[in-house]
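Everything below concerns the one structure shown next.
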Amino acid sequence: MTDHTTALPPMNHEAPTTIKRMMFCTWALLDSLSPDLRAQMHIPAMDDPRRLDWDFIPKPDRTGVPMTKLDHHQRVLAQSLLKSGLSLRGYSQALAIMATENMLRELEVVERGFGVIAGEFRDPDAYWITVFGRPGFEDTWGWRVIGHHLSLSFTIVAQRYLTITPLAMGAQPMPAGVLDPLGRERSMAFEILESFSPDLRAQAVIHDVAPADYVTRQVPLVGAEEWPDHVDLGIAGYETTDHDRERLRFVKAAPSGVSGADLDGSQLAAVRELLLRYVETGPEEITRQYREQVLAEDPAKLCFAWAGGVRPDTAHYYRISTSGLLVEADNAVAAGQHKHTVWRDLNNDLGHDLLLDHYAQHGANGEHLQRRLVSNRPTEDAPAATDSWYVPQVYKKH
């Protein structure tokens with residue numbers, strides 16, 4: 001097996017070209033809105049707690065403006081903004097997920113008898129856009145697109161650093177005619193499981209029951225240990241026990257499952273490629289850095305874990321973790337026909353560590369921006385000004 005124990009390349013999160021495109025798209029979209037819509041879409045405070053709620057289940061109290069409220073030109077601008085945060089494949093997956101709402105609406109009209117009301121909450125335009133902070137040069141800000149089965153959160157720090165996680169996608173049904181946005185990921189996962197010997201499969205399968213949803217749930221930052229909930233919110237009929245939850249838990253320092261060090265070359269490559277398939281839904285300027293890290297990291301730091309059934313038409317779950325990344329894919333509800341996936345940066349979801357470092361050094365607004373607006377010698381004999389910076393309380397060392 002190839003030796004991968006050399007030092008990892010630095011992950012600097014710099015993405016100047018992507019960030020510039022995001023900023024210009026955001027300006028264009030905000031400037032196109034009426035004052036009322038602009039006030040709904042733009043939340044000036046980066047420390048607003050609503051920024052940390054990235055849950056993609058249907059909700060009556062979303063922040064931002066849904067695409068249903070935008071005119072044709074504004075929708076084009078919104079789509080340009082959405083594409084700025086995704087690769088071409090990732091963008092096509094997002095569009096397919098949105099379009100699948102049409103299929104889900106028609107199924108629920110027939111199977112659940114919802115009638116016309118199904119169109120009120122199964123709508124391919126029911127995706128909300130929110131901008132947080134001040135989207136300006138050298139500023140720190142963020143934006144989000146969220147709706148059923150799609151949650152995309154982007155954090156820009158000082159117009160230099162970019163984070164793109166948590167990045168969550170779901171699918172129901174699977175497939176929906178020719179629409180199958182997460183089908184290839186499912187096939188790759190089962191191919192990996194089928195390649196394992198009985199001994200390797202015994203290590204990989206951590207439990208015979210799948211969790212109802214992500215083990216890490218929708219927390220804004222993954223803690224040292226996370227347990228899944230008993231049920232998936234709003235969905236009756238699939239429930240797990242405390243024993244199940246303990247077996248399924250994710251321990252950041254010692255994740256369960258089969259180690260990459262125990263896999264042969266082709267199996268290790270397959271697991272890495274599945275992990276990177278999720279990662280590479282994002283823009284290439286950032287995902288290239290993640291790919292370099294994943295391929296260079298010691299295989300012993302990679303873990304692949306499986307739970308539940310071992311056939312596509314059963315409730316099943318898998319996750320892949322490295323020292324800094326986590327992917328979860330849960331397909332427990334509706335016998336493998338309702339999938340939720342998420343990939344997370346264990347240190348920088350929603351920009352966590354990057355924001356802490358930035359605020360510690362420059363405060364909430366940025367050193368350069370502040371210097372441009374304040375005299376540094378207000379009188380002839382005045383000393384150089386010293387700045388007192390405010391650090392939002394929501395960012396705390398973990």
Side-chain angles (χ1 to χ4, degrees), residues 13 15 18-19 21-23 25-26 29-30 41-43 46 48 50-59 62-68 70 75 77-101 123-133 135 141-157 161-171 181-182 185 214 216 218-221 276-287 290 325-329 339-345 348-352 354:
H13 288 276
T18 302
I19 291 170
R21 179 170 178 79
M22 287 179 174
M23 184 178 72
C25 286
T26 301
L29 179 57
L30 289 175
M41 184 177 289
H42 185 206
I43 296 176
M46 274 292 283
D48 190 297
R50 291 173 292 181
R51 191 178 78 88
L52 307 183
D53 180 5
W54 55 273
D55 196 350
F56 66 22
I57 67 166
K59 288 185 175 184
R62 290 271 183 225
T63 65
V65 174
M67 292 191 185
T68 54
L70 303 180
R75 291 188 191 204
L77 296 175
Q79 289 293 337
S80 294
L81 177 60
L82 176 58
K83 172 59 182 72
S84 74
L86 299 168
S87 64
L88 185 60
R89 176 173 58 78
Y91 181 51
S92 69
Q93 287 178 284
L95 294 178
I97 289 166
M98 293 174 169
T100 302
E101 290 295 284
D123 185 342
D125 287 325
Y127 290 84
W128 278 254
I129 302 172
T130 312
V131 177
F132 298 90
W141 59 287
W143 62 280
R144 178 173 70 205
V145 176
I146 195 166
H148 187 227
H149 283 163
L150 187 67
S151 176
L152 308 172
S153 297
F154 304 91
T155 305
I156 296 95
V157 179
Y161 308 107
L162 173 67
T163 67
I164 60 176
T165 58
L167 196 158
M169 292 183 169
L182 298 173
E185 289 83 347
Y214 312 134
T216 56
Q218 283 74 29
V219 296
L221 183 71
L276 289 168
R277 180 158 179 98
Y278 287 97
V279 170
E280 290 174 351
T281 54
E284 195 267 344
E285 207 169 6
I286 283 293
T287 60
Y290 280 118
L325 298 179
L326 172 66
V327 160
E328 293 189 80
K339 185 173 185 178
H340 289 181
T341 70
V342 65
W343 81 270
R344 315 193 62 164
D345 183 315
N348 276 301
D349 273 353
L350 300 166
H352 189 274
L354 286 172

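Just so it is clear, the model here is predicted, and its values are computed rather than measured.
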Does any part of the side chain of [Y], heavy atoms only, come nearer than 4.5 Å to the side chain of [X], both counted from C-beta?
| X | Y | answer |
| --- | --- | --- |
| Val342 | Trp54 | yes |
| Thr341 | Glu185 | no |
| Met41 | Thr130 | no |
| Asp125 | Arg75 | yes |
| Asn348 | His13 | yes |
| Ser84 | Trp143 | yes |
| Lys59 | Ile146 | no |
| Ile156 | Met23 | no |

I need the minimum non-hydrogen distance between [X] and [Y], along with the two atoms involved.
| X | Y | answer |
| --- | --- | --- |
| Ala126 | Thr68 | N-CG2, 4.3 Å |
| Ser87 | Glu280 | OG-O, 2.8 Å |
| Pro181 | Ala171 | CG-CB, 4.3 Å |
| Pro166 | Arg344 | CG-NH2, 4.1 Å |
| Gly85 | Met22 | CA-CE, 3.6 Å |

Quick one: [atom1] on [X] to [atom2] on [Y], what's the gap to the nearest 0.5 Å?
| X | Y | atom1 | atom2 | answer |
| --- | --- | --- | --- | --- |
| Leu81 | Leu29 | CG | CG | 6.5 Å |
| Leu150 | Met169 | CG | CE | 5.5 Å |
| Thr18 | Glu284 | OG1 | CD | 8.5 Å |
| Leu162 | Leu354 | CG | CG | 9.5 Å |
| Ile164 | Thr281 | CD1 | OG1 | 6.5 Å |
| Gln79 | Ile129 | CD | CD1 | 8.0 Å |

May I ask you to check whether [X] and [Y] show a side-chain donor-acceptor distance below 3.5 Å?
| X | Y | result |
| --- | --- | --- |
| Thr155 | Arg51 | yes |
| Arg144 | Thr63 | yes |
| Thr216 | Glu328 | yes |

Excluding sequence neighbours, so at least two apart, what forms side chain to side chain contact (heavy atoms under 4.5 Å, CB included) with [X]?
| X | answer |
| --- | --- |
| Pro135 | Thr26, Trp27, Leu30, His42, Val131, Trp141 |
| Ser92 | Arg89 |
| Thr165 | Trp343, Asp345, Asp349 |

Practice prompt. Could you walk me through whether His148 and Ile97 pass side chain to side chain contact (heavy atoms under 4.5 Å, CB included), step by step?
Written response: CA-CA 9 Å; His148 187 227; Ile97 289 166; over 6 Å; no
Practice prompt. List in chain and number order the residues that pass side chain to side chain donor-acceptor pair (under 3.5 Å) with Asp55, two or more places apart in sequence or in another chain; answer none if no residue qualifies.
Written response: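 Scan of Asp55 (side chain to side chain donor-acceptor pair (under 3.5 Å), adjacent residues dropped) gives none.
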Item to complete: Output all residues satisfying side chain to side chain donor-acceptor pair (under 3.5 Å) with Gln218, sequence neighbours left out; order by chain, then residue number.
Response: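 For Gln218, no residue satisfies side chain to side chain donor-acceptor pair (under 3.5 Å) once neighbours in sequence are set aside.
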Discussion item. Check whether Ser151 reaches the backbone of Ala168 with its side chain - one donor and one acceptor, N or O, closer than 3.5 Å.
Written reply: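 Pair absent, no side-chain N/O of Ser151 close to backbone of Ala168.
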Discussion item. If we ignore hydrogens and angles and just use 3.5 Å, is the side chain of Thr163 paired with the main-chain N or O of Gly351 as donor and acceptor?
Written reply: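 Yes, Thr163 side chain to Gly351 backbone: donor-acceptor pair under 3.5 Å.
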Discussion item. Could you walk me through whether His149 and Thr100 satisfy the side chain to side chain contact (heavy atoms under 4.5 Å, CB included) test, starting with their C-alpha distance in whole Å, then the side-chain angles of each, then the deciding distance to 0.1 Å, before giving a yes or no?
Written reply: CA-CA 10 Å; His149 283 163; Thr100 302; over 6 Å; no
Discussion item. Could you work out, with ring-ring contact (aromatic ring centres under 6.0 Å, His included) as the rule, every residue matching Tyr127, not counting sequence neighbours?
Written reply: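 Here no residue qualifies.
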